[in-house]
Visitor: 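One structure is given below, represented as structure tokens, and several questions about it will come after.
When a ligand or atom number is given, it counts from 1 through the structure's own listing order.
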Amino acid sequence: MIYCDYQATTPLAPEAREEMLRWLDGPAGQGFGNPHSPHRLGRMAAAAVELARERVAALCPPGGSVVFTGSATEALNLALRGSTAPGDIRPVAVSAIEHAAVLDTAHALGGPVNVLTVDAAGMVAEEPDLVPDTRLVAVMQVNNEIGTIQPVEAIAAHAKRIGALFVCDAVQGAGKVAPPANAEMIAISAHKLYGPKGIGALWVREGVELAPIVTGGGQEMGLRSGTLSPALCAGFGMAAKLAFEQQEADARHVETLWKRAGELFSGWTLNGSAEMRWHGNLNLRRDGLDVARLMADVRDVAFSAGSACASGSGRPSHVLSAIGLDRKQAKSSIRLGFGRYSTLAEIEEAAEKINAAAQKQE
Ligand code: PLP
């Protein structure tokens with residue numbers, strides 16, 4: 001199976017897996033301690049968690065702290081819900097192309113939600129229209145469907161001028177592009193940067209006040225109760241360390257793949273900006289393409305339909321609609337994602353199979 005779905009999840013880095021193993025030890029080992037216990041086993045596990053925290057923090061700006069969560073979805077819920085005082089119904093603003101973790105959560109807060117439009121290239125304006133009493137603005141760093149890289153620092157600066165907090169969903173950008181230095185909160189997911197599934201993080205700038213959304217034992221600075229998994233933290237930490245150290249090499253590799261993919265898929269139209277884009281994302285469309293049939297015909301390449309939303313409801317993607325595609329165009333789109341472990345030979349073979357199956361439909 002050729003894996004071309006790096007925006008859905010990334011393979012676990014072997015180094016991250018290795019780092020996790022000792023914290024999965026059974027009774028014979030010393031790695032199963034509760035990181036919140038005061039004895040030696042607990043302190044060893046706690047040290048592993050703190051090392052992981054430092055490594056994840058290295059992907060974030062200075063001047064804040066990392067709170068581990070069960071996913072980036074939970075981190076974004078903590079950011080949005082945790083910064084909303086009871087009864088505060090001042091407006092929040094979110095981009096039209098946010099992930100459901102932001103869009104649905106913003107709508108659940110109870111106040112007005114202003115949706116910031118994107119242009120045909122999939123870009124939010126650097127100074128989007130914000131109503132004067134907006135209290136929070138959330139714009140993602142890299143879009144998960146079309147890969148567009150948003151001008152998040154300019155938007156954060158604009159939000160700050162009217163006194164709003166800026167939350168950045170950096171799930172698809174962390175470890176690939178520089179973090180927005182002026183955000184108040186940044187959400188990251190381990191499994192999008194070659195770490196394990198089941199763990200995410202919210203970076204919170206010093207001085208930002210949050211209320212917990214998960215209460216209990218008071219772990220994670222009182223912001224997220226529940227016993228941490230040292231194995232997941234250690235895997236996340238190692239993945240973050242690698243992403244930090246290999247950022248340039250990873251980007252160079254992706255650039256090589258992108259250039260070749262551009263040649264191989266010359267008969268397709270790219271959805272979203274080619275320039276302001278993470279080049280490990282290829283969202284393509286072809287007039288009249290039946291994507292379900294294509295996916296059935298190309299079973300040994302893992303890629304994604306560009307049109308369906310995550311729930312598999314078959315509704316056209318809100319992102320493709322936001323850039324102006326009609327239903328038919330959105331439904332004839334596919335998403336291919338590649339990264340650190342993809343090879344040129346794999347991209348070539350995937351393209352050959354996808355192109356042959358698409359041509360068969362003509
Ligand atoms: N935000 C973006 C941009 C994503 O791509 C995803 C995952 O698809 C999420 C948030 C949610 O991340 P998690 O799977 O860690 O909950």
Visitor: Indicate, as side chain, backbone, both or neither, the part of His191 found under 4.0 angstrom from ligand 1 when only non-hydrogen atoms are considered.
Guide: side chain
Visitor: Going by the atom numbers of ligand 1, which of them fall below 4.0 Å from some non-hydrogen atom of Ser71?
Guide: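 In order of number, 15 (O), 16 (O).
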Visitor: Is Glu255 close to Arg260 at the side-chain level, that is, under 4.5 Å between some pair of heavy atoms?
Guide: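 SC-SC contact between Arg260 and Glu255 ruled out.
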Visitor: So is Glu98 in contact with ligand 1, going by heavy-atom distances below 4.0 Å?
Guide: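 No, Glu98 has no heavy atoms under 4.0 Å from ligand 1.
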Visitor: With respect to Lys192, determine whether any N or O atom, backbone or side chain, lies less than 3.5 Å from an N or O atom of ligand 1.
Guide: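 Yes; at least one N/O pair falls below 3.5 Å.
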Visitor: Show which atoms of ligand 1 fall inside a sub-4.0 Å distance from at least one heavy-atom site of Ser189.
Guide: 13 (P), 15 (O)
Visitor: Would you mind checking which non-hydrogen protein atom is closest to atom 4 (C) of ligand 1, with the distance to 0.1 Å?
Guide: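 Among all protein heavy atoms, the one nearest atom 4 (C) of ligand 1 is His99 CD2, 3.4 Å.
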Visitor: Would you call Glu184 and Lys160 a salt bridge, taking side-chain N to carboxylate O under 4.0 Å as the test?
Guide: yes
Visitor: Quick one: does NZ or CZ of Arg340 land under 6.0 Å from the six-membered ring centre of Tyr194, within 45 degrees of the ring axis?
Guide: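 Pair Arg340/Tyr194 counts as cation-pi.
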Visitor: Identify, by atom number and element, the atoms of ligand 1 in contact range of Met140, meaning under 4.0 Å from any of its heavy atoms.
Guide: 3 (C)
Visitor: Which residue supplies the protein heavy atom nearest to atom 5 (O) of ligand 1, what is that atom called, and how far is it?
Guide: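 Heavy-atom neighbour on the protein nearest atom 5 (O) of ligand 1: Gln172 NE2, 2.8 Å.
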Visitor: Test your reading of the model: is there a side-chain donor-acceptor pair from Asn355 to the backbone of Ala351, 3.5 Å cut-off?
Guide: yes
Visitor: Check whether any side-chain heavy atom of Ile199 lies under 4.5 Å from a side-chain heavy atom of Ser71, and answer yes or no.
Guide: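 Side-chain contact under 4.5 Å: no.
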Visitor: Is the closest N or O pair between Ala72 and ligand 1 shorter than 3.5 Å?
Guide: yes
Visitor: Determine yes or no for a side-chain-to-main-chain donor-acceptor pair under 3.5 angstrom, with Ser317 supplying the side chain and Val319 the backbone.
Guide: yes
Visitor: With no hydrogens and no angle check, is any side-chain donor or acceptor of Asp5 less than 3.5 Å from a backbone partner on Ala302?
Guide: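 It does not hold such a pair.
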Visitor: Provide, to 0.1 Å, the distance between atom 2 (C) of ligand 1 and the closest protein heavy atom, together with that atom's residue and name.
Guide: Asp169 OD2, 3.4 Å
Visitor: Could you check whether any side-chain heavy atom of Cys168 comes within less than 4.5 Å of a side-chain heavy atom of Val139, counting everything from C-beta outward?
Guide: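 No, every pair of side-chain atoms sits at 4.5 Å or beyond.
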Visitor: For atom 16 (O) of ligand 1, what's the nearest protein heavy atom and its distance?
Guide: Thr73 OG1, 2.6 Å
